[in-house]
Number of protein chains: 2
Amino acid sequence: MVAQRGRRNGAAAHKRTRGGATPDADNAPTAEIPAVAENGADPEVRAKSIPEAAVARLAVYLRILSAMAEQGATTVSSEELSTAAGVNSAKLRKDLSYLGSYGTRGVGYEVAVLVGQIERVLGLTRQHKVAVVGIGNLGHALANYGGFPGRGFPVEALFDIDPDLIGVPVGGIPVTHLDDIPQVCADRQISIGVIATPPAAAQTVCDRLVEGGVQCILNFAPVVLQVPEHVEVRKVDLAVELQILSFHVARRADNEPNGKVAESTVAGNGAVLQS
Amino acid sequence: MVAQRGRRNGAAAHKRTRGGATPDADNAPTAEIPAVAENGADPEVRAKSIPEAAVARLAVYLRILSAMAEQGATTVSSEELSTAAGVNSAKLRKDLSYLGSYGTRGVGYEVAVLVGQIERVLGLTRQHKVAVVGIGNLGHALANYGGFPGRGFPVEALFDIDPDLIGVPVGGIPVTHLDDIPQVCADRQISIGVIATPPAAAQTVCDRLVEGGVQCILNFAPVVLQVPEHVEVRKVDLAVELQILSFHVARRADNEPNGKVAESTVAGNGAVLQS
DNA sequence: CCTTGTGAATTAATTCACAGCT
DNA sequence: AGCTGTGAATTAATTCACAAGG
């Protein structure tokens with residue numbers, strides 16, 4: 001059907017360079033997979049083309065499932081899991097179906113199996129070394145996470161420009177100067193760079209990370225980064241988040257002219273809910 | 001079975017209460033406006049139903065436009081602005097069209113006009129008082145932003161559970177105990193609550209914020225919050241962001257198999273490489 | 001000529017609804 | 001009986017492409 005031609009891989013050089021990606025709705029170009037992947041390596045149905053939106057939710061399911069496993073649960077139904085994740089069960093099942101068919105009809109899913117499959121699809125069986133750039137308030141907080149979510153994302157390098165910080169260990173790792181980013185990232189095989197610098201420094205830092213071979217960037221600076229197209233950027237933007245909330249407040253105020261309605265909510269305004 | 005049992009508010013059995021929202025693609029139920037709005041209030045074309053995705057981008061455009069204005073630019077074309085924002089120009093124009101028609105064909109847009117219109121639509125002409133809960137590393141960082149993005153989001157209350165912190169001013173504001181959340185939020189008319197607590201505390205804190213009349217929550221805790229449906233939740237989830245990046249790394253590795261399988265990459269053994 | 005603004009076309013994401021298996 | 005898995009239907013978001021207007 002769609003013959004999705006057009007995407008030229010060769011030189012292309014379309015300066016796509018999109019690096020924006022609001023934590024919200026922007027970051028979502030759909031993770032199309034070129035459909036190639038003949039592989040033949042895996043007996044399982046290799047991931048074919050999981051929608052980006054589903055990927056984000058799978059990560060959420062994974063966390064919930066891990067918690068359930070820790071509490072001793074061995075199986076879970078789509079209804080339970082979807083409720084815990086705040087989505088509806090049809091969406092959840094559709095999302096899980098991208099993993100393959102690991103449920104048992106009439107019963108549900110085995111928690112351990114789902115955990116394993118989600119980890120596989122998200123690539124969490126590999127390790128992804130992280131570098132944090134900008135050891136201010138936020139960078140400090142990030143560095144102290146010490147090996148981010150669970151294991152799998154060890155922080156292996158810290159960078160800042162402040163001479164007083166260079167060499168000082170934060171969360172066990174000594175801070176290196178910004179100038180050494182390319183070198184150190186290349187040496188330590190950093191795969192994810194986290195930018196927590198002031199906005200003015202962000203693009204330069206980004207360029208150096210790319211120079212050092214970093215392919216993925218998580219950007220906390222309120223700047224739209226320009227990157228070559230093989231680099232993946234995700235953005236966490238506080239200002240944008242707050243402004244989106246502001247929009248919703250304003251919208252509510254516009255629609256519901258009078259001041260309060262408090263909890264008449266529930267069935268009250270059918271307008272806002274989905275179906 | 002973790003908790004989800006008690007979440008029944010009112011009748012409505014499964015009435016949603018979504019609070020998840022991955023910073024990415026999850027947070028995006030499309031900001032449909034109830035269509036009611038007989039309006040008749042504004043001479044301008046009142047916001048009719050801006051797509052959620054567009055709202056997020058408008059916030060980005062706003063920042064870029066503000067920077068341009070500061071540099072003395074007075075007009076801008078869709079091409080320029082879209083490049084700076086990392087989107088294509090058609091999308092940009094479509095987004096701006098939700099504001100009304102403020103461009104001049106053959107010329108472009110007046111920067112100042114766009115800034116004003118975006119601020120209007122995002123509700124940035126109001127003030128939104130913010131409370132930060134959880135004054136750890138992250139909360140500290142947030143509190144010190146002191147009046148978040150530019151103006152319009154003053155931090156007016158800080159909360160924590162640690163007795164050593166109570167009363168201590170952070171960024172000029174004394175920390176109050178978690179127990180006083182409902183009271184203080186109601187008194188100070190807080191409209192946005194930021195949750196930066198450990199995951200275990202997040203739901204309780206959330207409940208108290210809601211009790212205090214807070215309608216919007218920005219959640220940094222890795223937990224899916226359950227909230228009544230009139231409350232808007234946005235989530236910033238570090239783990240999810242990293243896992244999405246991980247997914248893209250894996251995807252690339254699968255598609256672009258330089259060597260065959262190269263080094264023990266794909267699944268198989270959990271322990272890959274050193275640590 | 002410009003560049004905007006927008007219907008129409010396309011593509012992605014979500015939801016429905018039910019067949020199929022346990 | 002019950003729950004998964006998934007085509008089909010629906011709804012949202014993006015992109016195209018060009019008429020309209022300075």
Side-chain angles (χ1 to χ4, degrees), chain A residues 1-7 14 16 18 20 22 24-33 45 48-58 75-83 85-110 113-114 117 273-275, chain B residues 14 16 18 20 22 24-33 35 45 48-58 75-83 86-110 113-114 117:
Chain A
M1 346 244 243
V2 215
Q4 92 302 352
R5 57 165 293 70
R7 250 283 143 332
H14 263 12
R16 229 255 122 87
R18 64 95 167 58
T22 290
D24 211 19
D26 191 6
N27 276 348
T30 304
E32 250 334 316
I33 199 182
V45 181
K48 2 171 229 240
S49 80
I50 308 183
E52 177 89 0
V55 172
R57 287 189 300 264
L58 284 170
T75 66
V76 66
S77 71
S78 62
E79 197 57 57
E80 279 178 87
L81 184 49
S82 67
T83 303
V87 304
N88 72 15
S89 64
K91 191 189 288 186
L92 175 111
R93 288 199 303 278
K94 180 73 96 182
D95 288 342
L96 294 186
S97 78
Y98 297 121
L99 305 173
S101 283
Y102 297 102
T104 307
R105 295 171 198 237
V107 179
Y109 303 87
E110 268 200 65
V113 172
L114 284 189
Q117 291 303 318
L273 28 92
Q274 18 115 96
S275 53
Chain B
H14 57 202
R16 234 195 184 217
R18 67 93 167 55
T22 290
D24 210 17
D26 191 6
N27 275 349
T30 306
E32 257 324 323
I33 200 176
V45 183
K48 7 169 223 239
S49 81
I50 307 183
E52 176 90 359
V55 172
R57 289 189 300 264
L58 284 170
T75 67
V76 66
S77 70
S78 61
E79 197 57 56
E80 281 177 85
L81 185 50
S82 67
T83 303
V87 304
N88 72 14
S89 63
K91 192 189 287 187
L92 176 109
R93 288 200 302 278
K94 181 72 96 185
D95 288 345
L96 294 187
S97 78
Y98 296 122
L99 305 172
S101 283
Y102 297 101
T104 307
R105 291 167 199 243
V107 179
Y109 302 87
E110 268 200 65
V113 171
L114 284 189
Q117 291 303 317

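Chain naming here is simple, since letters A, B, ... match the order of the sequence lines and numbering starts at 1 in each. For the numbers below, each heavy atom of this structure counts, side chains included, while hydrogens, waters and symmetry mates do not.
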In whole Å, I'd like the distance from the [atom1] atom of [X] to the [atom2] atom of [N].
X: K94(A); N: dT10(D); atom1: NZ; atom2: P; value: 15 Å
X: Y102(A); N: dT22(C); atom1: OH; atom2: C1'; value: 19 Å
X: K91(B); N: dT3(C); atom1: NZ; atom2: C1'; value: 20 Å
X: E79(B); N: dG5(C); atom1: CD; atom2: P; value: 15 Å
X: L99(B); N: dG5(C); atom1: CG; atom2: C1'; value: 12 Å
X: L96(A); N: dG5(D); atom1: CG; atom2: P; value: 8 Å
X: E80(A); N: dC3(D); atom1: CD; atom2: C1'; value: 12 Å
X: I50(A); N: dA12(C); atom1: CD1; atom2: P; value: 15 Å

Roughly how far apart are [X] [atom1] and [Y] [atom2], rounded to 0.5 Å?
X: Y109(B); Y: L99(B); atom1: OH; atom2: CG; answer: 9.0 Å
X: D95(B); Y: I50(B); atom1: CG; atom2: CD1; answer: 9.0 Å
X: L114(A); Y: T75(A); atom1: CG; atom2: OG1; answer: 10.5 Å

Inset, instruction - Give the minimum heavy-atom separation between K91(B) and V87(B), together with the two atoms involved. - result: CD-CB, 4.4 Å
Inset, instruction - Please state whether the phosphate of dT4(D), meaning OP1 or OP2, lies under 4.0 angstrom from any side-chain nitrogen or oxygen of S78(A). - result: yes
Closest approach to the side chain of [X], judged atom by atom: which nucleotide of [options] is it?
X: Y109(A); options: dG5(D), dT4(C), dG7(D); result: dG5(D)
X: E52(B); options: dA13(D), dT6(D), dT15(C); result: dA13(D)
X: N88(B); options: dG5(C), dT15(D), dA8(D); result: dT15(D)

Inset, instruction - List in chain and number order the residues that pass side-chain hydrogen bond (donor to acceptor under 3.5 Å, both in side chains) with S78(B), two or more places apart in sequence or in another chain; answer none if no residue qualifies. - result: R93(B)
Inset, instruction - Under the side chain to side chain contact (heavy atoms under 4.5 Å, CB included) rule, collect the residues that match up with S77(B), sequence neighbours excluded. - result: E79(B), E80(B)
Legend entry - nucleotides 17-22 of chain D: protein proximity per nucleotide (B base, S sugar-phosphate only, - neither; heavy atom, under 4.0 Å): B-BBBS
